[in-house]
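In what follows, every chain begins at residue 1, and chains take the letters A, B, ... in the order their sequences are listed.
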Amino acid sequence: MGIEEEKPKAFQLKPMKCEFNFLSKSDGSAILSQGDTVAVVSVNGPLDIKSTSQSIEKSTLEVLYCTKGGKPSVADRYKENVIRQTCEAAVLGSLYPRTGITVTIQELEDFGGLLSCCLNCTCLALLNSGVSMRCTYAAITCAIDESGDIVLEPSKQHLDTARATMTFVFDSREKNLVTSVTEGVFSEDTYKEALARCHAASDLVFNFYREIIRKYANVI
Amino acid sequence: MAEIYKLIHPLKYFNDYISREIRPDGRKFHECRNIKLNVNSLKTAEASAVVKCGNTTVVCGIQLELASPKAEEPDFGYLVTNLELPALCSSKYRPGPPSDHAQVTNYLVSNIIVNSKCIDLKDLCIVPDKLAWVLYCDMVCLDNDGSLVDACIIALISSLKTLRLPTVTYDAETEDINVDPDIRTPLKVYGLPVATSFSVYKLPERDILITDPSIYEEEMCGGIGSNFIVCSNQSLLCGTQKFGGSNLPPESQEEALKISRDRANVVEKVIETCLANNCEINEI
């Protein structure tokens with residue numbers, strides 16, 4: 001199951017494979033592999049939540065991130081927050097007031113670029129669950145290596161030696177920046193170039209989404 | 001009258017201001033709030049700072065402790081940051097264990113300090129594998145009126161800049177530790193990381209970039225915690241963070257980078273002036 005992405009000339013992303021409805025009991029689920037990095041996401045909702053966390057204006061998104069090791073840490077809280085805020089920008093929560101949408105993410109394999117894999121997989125699972133969305137989004141990770149070159153979708157070895165890593169998320173409508181998470185030190189010019197390259201590469205991810213949806217729409 | 005209008009038509013109230021090129025608190029779009037800084041205000045801490053950016057108030061205190069370094073990093077000391085957002089700083093927070101927002105903001109602040117490399121943890125090591133300093137940097141927010149990360153970074157950096165480490169002698173044979181608090185050496189701080197927050201407000205025809213937003217503006221622009229935060233150390237960027245909220249068009253991004261450069265100069269001047277004044281007082 002899954003589609004091998006065509007390898008373009010200018011950019012090369014790791015091959016992406018995706019399967020919908022991977023879990024049978026959740027409202028929407030997806031498993032996505034980007035290269036060797038794999039994540040499973042399940043989406044449940046809109047459903048009832050306890051009244052203290054209800055919002056009268058929009059649905060409350062809850063994101064749970066489980067690492068392979070299973071021990072929760074502050075870094076996981078941070079990742080959850082990044083993913084939650086990004087999803088909130090994409091989901092039309094005002095259609096489901098006083099409800100909750102739960103997103104559970106399970107890391108399976110991490111060979112670099114786990115955050116962007118989790119973000120993309122979450123977007124696919126939300127699409128699969130049928131929750132109304134304002135737009136989709138695509139996440140791309142890149143690394144700046146010692147010599148200042150930009151590596152898209154870096155491998156684990158690249159990440160270990162990288163001067164900086166950046167993850168950018170773009171929305172599908174205006175292709176503007178939704179989320180940016182960076183680590184390390186870099187100059188302004190490098191930042192702009194990295195952003196432009198990731199921006200261009202995000203088109204490939206959107207194409208992949210489209211292909212996957214087209215394929216599953218036939219099955220339905 | 002205006003207060004009632006704000007309650008009945010919150011969106012229109014905000015729009016009316018923005019479309020007249022002014023913000024509800026009377027600032028222009030790129031005007032930052034005044035910064036008030038005071039260092040060494042807490043006498044019980046080794047180093048401390050109180051900062052007010054507009055109404056946002058953050059107190060930072062540093063405590064010192066000796067510990068043995070980690071086995072895998074024998075020549076590194078520790079820098080531990082902790083941010084407290086008590087219920088008193090905003091009606092958004094409940095008393096109890098640290099909220100998610102506090103954890104995330106603290107992680108962000110400590111990430112900025114680590115990424116900017118302004119503190120070399122090797123400087124905190126006294127004897128490799130035996131003894132190293134632990135810097136407990138506790139920050140408490142007394143009033144959260146937006147752009148929290150900016151204020152935290154100013155408070156933390158100013159306290160680190162005033163920190164003077166006592167001399168420690170370590171006897172390798174008897175393992176005796178002798179701390180002499182009278183002879184102190186200032187901690188080396190490389191550069192000066194500065195964070196600047198921006199919010200993006202979407203009018204139907206254009207996007208407005210708002211510098212140094214207050215909590216009310218943050219809420220109007222896509223929720224708390226969705227600021228675009230640019231951190232620079234000298235001329236290098238050491239982090240650009242943005243989590244969801246209104247999306248950011250490329251033109252606004254260019255603008256933000258430019259403004260953050262100017263603001264870094266202002267903040268640098270504030271901290272330098274404050275430290276210079278502090279030195280004068282100490283000499284008298």
Show the numbers, then the answer: is there a side-chain contact (heavy atoms from CB on, under 4.5 Å) between A:N81 and B:F243? CA-CA 8 Å; A:N81 181 63; B:F243 312 130; 3.8 Å; yes
Between B:K242 and A:T179, is there a side-chain heavy-atom distance shorter than 4.5 Å? no
Are more than 12 heavy atoms from other residues, nucleotides or ligands located less than 6.0 Å from atom NE2 of B:H30? yes
Which bit of A:E188 is near chain B, if near means a heavy-atom gap under 4.5 Å: side chain, backbone, both or neither? both
d(B:N106 CG, A:R77 CZ) to nearest 0.5 Å is 13.5 Å
For A:K175, is it the side chain, the backbone, both, or neither that has a heavy atom closer than 4.5 Å to a heavy atom of chain B? neither
Taking 4.5 Å as the heavy-atom cut-off, does anything in residues 246-257 of chain B contact chain A, and if so which residues? B:N247, B:L248, B:P249, B:P250, B:Q253, B:E254, B:L257
Considering all heavy atoms of both residues, which atom of A:V74 and which atom of B:Q103 are nearest to each other, and what is their separation? CG1-O, 4.0 Å
Do you know the tightest heavy-atom contact between A:A89 and B:G245? CB-O, 3.7 Å
Spacing of CZ belonging to A:R84 relative to CG belonging to B:D100, to within rounding of 0.5 Å: 7.0 Å
For the candidates A:K192, A:H199, A:E174, A:E88, which exhibits the highest count of non-hydrogen atom pairs separated by less than 4.5 Å from chain B? A:K192
B:K202 atom NZ, neighbour heavy-atom count above 12 within 6.0 Å: yes
Tell me whether B:K188 at atom NZ has more than 12 heavy atoms from other residues, nucleotides or ligands lying less than 6.0 Å away. no
Under 4.5 Å from any heavy atom of chain B, what part of A:L195 do you find: side chain, backbone, both or neither? side chain
Would you say CZ of A:F22 has more than 12 non-hydrogen atoms from neighbouring residues, nucleotides or ligands within 6.0 angstrom? no
OG1-CG distance between A:T190 and B:L237, expressed to the nearest 0.5 angstrom: 8.5 Å
Might you confirm whether atom NZ of B:K12 has over 12 heavy atoms from other residues, nucleotides or ligands at distances under 6.0 Å? no
Start with the C-alpha gap between A:F186 and B:L236, add the side-chain angles, then the distance that decides, and say whether side-chain contact (heavy atoms from CB on, under 4.5 Å) holds. CA-CA 6 Å; A:F186 41 87; B:L236 284 175; over 6 Å; no
Does A:R134, at its CZ atom, have more than 12 non-hydrogen atoms belonging to other residues, nucleotides or ligands within less than 6.0 Å? yes
Could you give the distance from OG1 (B:T240) to CG (A:L177), rounded to the nearest 0.5 Å? 7.5 Å
What part of A:A75 gets within 4.5 angstrom of chain B, counting heavy atoms only: side chain, backbone, both, or neither? both
